[in-house]
Amino acid sequence: MSTAEKKADNFIEEIILEDLANGKHGGRIHTRFPPEPNGYLHIGHAKAIVINFETAKKFGGKTNLRMDDTNPSTEETLYVDNIQSDIRWLGYEWEGDTRYASDYFDHLYQFALRLIDKGLAYVDESSAAEIESQKGDIGVPGTNSPHRDRSPAENRDLFERMRAGEFPDGSKVLRAKIDMAHPNLLLRDPVLYRIKHEAHHRTGENWCIYPLYDFAHGQSDSLEEITHSLCSLEFRHHRDLYNWLIEALEIFPSRQIEFARMNVDYFITSKRRLKLLVDEGIVTGWDDARMSTLAGLRRKGYPAEAIRNFCMDTGVTRRDSQQTLDLLEYKVREVLNRDADRYMAVLDPVRLVITNYPEGQTEMLETENNPENEERGTRELPFSREIYVEREDYRKEPQNRKYFRLAPEKDVRLKSAYIIHCEGHEEDADGNVTQINCTYYPDSRSGEDTSGVKAKGTLHWVNAPTAVDIEVRMYEPLFTDPTPMDHEDRDFMDFLNPNSLQVITAKGEPALAEGKVGESFQFLRKGYFTVDPDSREGKPVVNLTVGLKSSWKG
RNA sequence: AGACCCAUGGUGUAAUUGGCAACACAACAGAUUUUGGUUCUGUCGUUCAAGGUUCGAGUCCUUGUGGGUCUACCA
């Protein structure tokens, strides 16, 4: 399909289609993802990444990765590596080398001089507090700085001396000369450069003046000849300045388009607060499986494909959205149902004895690895007189017709094995079930059942003598409220879920002893799980990715 | 208070740009099932309000109402 025949899926693509039709930029589409390397990428960034890369891909364009590193005090090289690997994990490769706004410091400096020479920028020694009060207020015009009308020559001299390091931090700034009465506060002579005698993670001690976001981001877009600069809604007001600078500087006219950020129930996406969770020890790190970071979601077992699908299917709009966890989890199950092999593990084991099965006998039973994908083949399971089943799959009293599990006098199918008849149980002094007793129908073996016995329910089980212990980390959302940040009177920490992590020891079939880190599988009837990096030889550790849906109201 | 942005089922998005409101998730009901999973079927809205333009408005205009953003030498 040629790009001319493509249909717009959202308002950004409509703009692109129009630009393409008008032959703008020779039909070239170039986007960029511009993270600040001062933290880990989270689910919100995933949305921006997907929009930028997928939009460009759809129209045969390219996407740059650019570190927005104009503030030497907050940015670190450590984050650069994590950002790059997270983007690759999500499934995207950017055009050429990773770019850095700091690579353009020389250009930016020249741009500043150009503005000064045109009489569109001036050096101001007003203090931060003075500049703030000059700003005026919403609906109230500001006042001109007393230094606003210096000559270009004087400004140039002062700015060059700023760059040369003659002045201390905070003593002077470079400001654009626009309009102190502008309704958009951002255009009331915004600060373009500040003095910071600080080493930068890439340029070292080369600079003691650093550009601010508004004098770096748009200019970097222009230098890279980005055609469509996609960003989130809160930058709407910056667009006026973005465009003013393009005109004043007479540089490549990138176009900024804003879309709404994506919020997801039970997830927070504030770098500061995410860091707080780590620093306070509420989670084990940035990659804790309860975190909204890509590192956390990956560790929890969320497939990159599911995250991509989620970001794409939730659309691109200009209105704030609050996505449900339901949809994200649906996307995760959708991928895992197709890809994850099935295994049996009992999370809350209770011993079940098949009293008429020969003692000391073990037989091997065949079972399919993935009913959704025959190519995954089969494997063998050991079966004997003593097995483990889920405690919750047993009721002490006989149950009604709608109950398909174990209870006295009930018949139940053991997955890929036999149908058993429940006789009853044994219990301790406190009434806890210590053992379930059953008999089996020898002629009901899976695949060759001639018993004629009908069992409505099928249970998962694990052969007791060969069971392996598995550490299972069961997760719930980190917060008890879907939008913990939306309470004016309460702190988000008030909503921490005390049950967000529960560690249990499960009994698993032998094959589970050798799972590889990051491998996902389904524990039959329970959910999807993935092998955690904390696993050690013979001591598997597994994370709950997402539970299976259940329509049973037991 | 000024400027700007937004408003479609419980939730999130569509609607050939003015022509019978569609899809997904959730929920509920049923069918299939050796996972109470998967799959399949059905049920659940006249588009924030009022006025206007028009043969015809979710779409255009006006006025409201509600929500959001903006006054860092952060990005």
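Each chain gets a letter, A, B and so on, in the order its sequence line appears, and its residues count up from 1.
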A.B. asks: So, using ring pair (Phe, Tyr, Trp, His ring centres under 6.0 Å) as the criterion, who are the partners of Phe215(A) when residues are at least two apart?
C.D. replies: Tyr193(A)
A.B. asks: Using the P atom on both, measure G51(B) against G18(B) and round to a whole Å.
C.D. replies: 24 Å
A.B. asks: Rounding to the closest angstrom, what is the interatomic distance between G2(B) and A27(B) at atom P?
C.D. replies: 46 Å
A.B. asks: Under 4.0 angstrom, heavy atoms only, what part of the nucleic acid is Arg342(A) near: base, sugar-phosphate, or nothing?
C.D. replies: base
A.B. asks: Under 3.5 Å, which donor-acceptor pairs do the side chains of residues 451-458 of chain A form with other protein atoms, sequence neighbours left out?
C.D. replies:
unit_1, atom_1, unit_2, atom_2, d
Ser451(A), OG, Asp449(A), OD1, 2.7
Ser451(A), OG, Val453(A), N, 3.1

A.B. asks: For Gly457(A), answer base if it contacts any base atom (sugar-phosphate contacts may also be present), sugar-phosphate if it contacts only those atoms, and nothing otherwise; contact means non-hydrogen atoms under 4.0 Å.
C.D. replies: nothing
A.B. asks: When you check the gap from the basic side-chain N to the acidic O, do Lys331(A) and Asp313(A) get nearer than 4.0 Å?
C.D. replies: yes
A.B. asks: On a whole-Å scale, what distance lies between the C1' atoms belonging to U43(B) and U35(B)?
C.D. replies: 27 Å
A.B. asks: When all nucleic acid strands are considered with a 4.0 Å heavy-atom cut-off, which category describes Val173(A): base, sugar-phosphate, or nothing?
C.D. replies: base
A.B. asks: Heavy atoms under 4.0 Å, any strand shown: does Val140(A) hit a base, just sugar-phosphate, or nothing?
C.D. replies: nothing
A.B. asks: Can you tabulate the close N/O pairs, meaning under 3.5 Å, that link protein atoms to atoms of nucleotides 29-33 of chain B?
C.D. replies:
none

A.B. asks: Determine, step by step, whether His217(A) and Tyr213(A) satisfy the ring-ring contact (aromatic ring centres under 6.0 Å, His included) criterion, reporting the C-alpha distance in whole Å, the side-chain angles of both residues, the deciding distance to 0.1 Å, and the verdict.
C.D. replies: CA-CA 6 Å; His217(A) 190 91; Tyr213(A) 168 83; 5.0 Å; yes
A.B. asks: Taking the P atom in each of A50(B) and U65(B), what is the distance between them to the nearest angstrom?
C.D. replies: 15 Å
A.B. asks: Arg405(A) or Lys135(A): which one's nearest nucleotide on RNA chain B is closer to the 5' end?
C.D. replies: Arg405(A)
A.B. asks: If we take the P atom in both C6(B) and A14(B), what is their distance in whole Å?
C.D. replies: 13 Å
A.B. asks: Pick the closest RNA chain B nucleotide for Ala128(A) and for Tyr330(A) by heavy atoms, then say which residue is nearer the 5' end.
C.D. replies: Tyr330(A)
A.B. asks: Take atom P in U47(B) and the same atom in A24(B), then report the distance between them in whole Å.
C.D. replies: 23 Å
A.B. asks: Less than 3.5 Å between a donor and an acceptor, one on the side chain of Arg525(A) and one on the base of U35(B), is that the case here?
C.D. replies: no
A.B. asks: Please work out whether U65(B) sits syn or anti, treating a glycosidic angle within 90° of 0 as syn.
C.D. replies: anti
A.B. asks: Can Arg342(A) be said to sit on top of Phe523(A)'s aromatic six-ring, NZ or CZ under 6.0 Å from centre and within 45° of the ring axis?
C.D. replies: no
A.B. asks: Closest approach of Arg66(A) and Pro35(A), non-hydrogen atoms and distance?
C.D. replies: O-CD, 3.2 Å
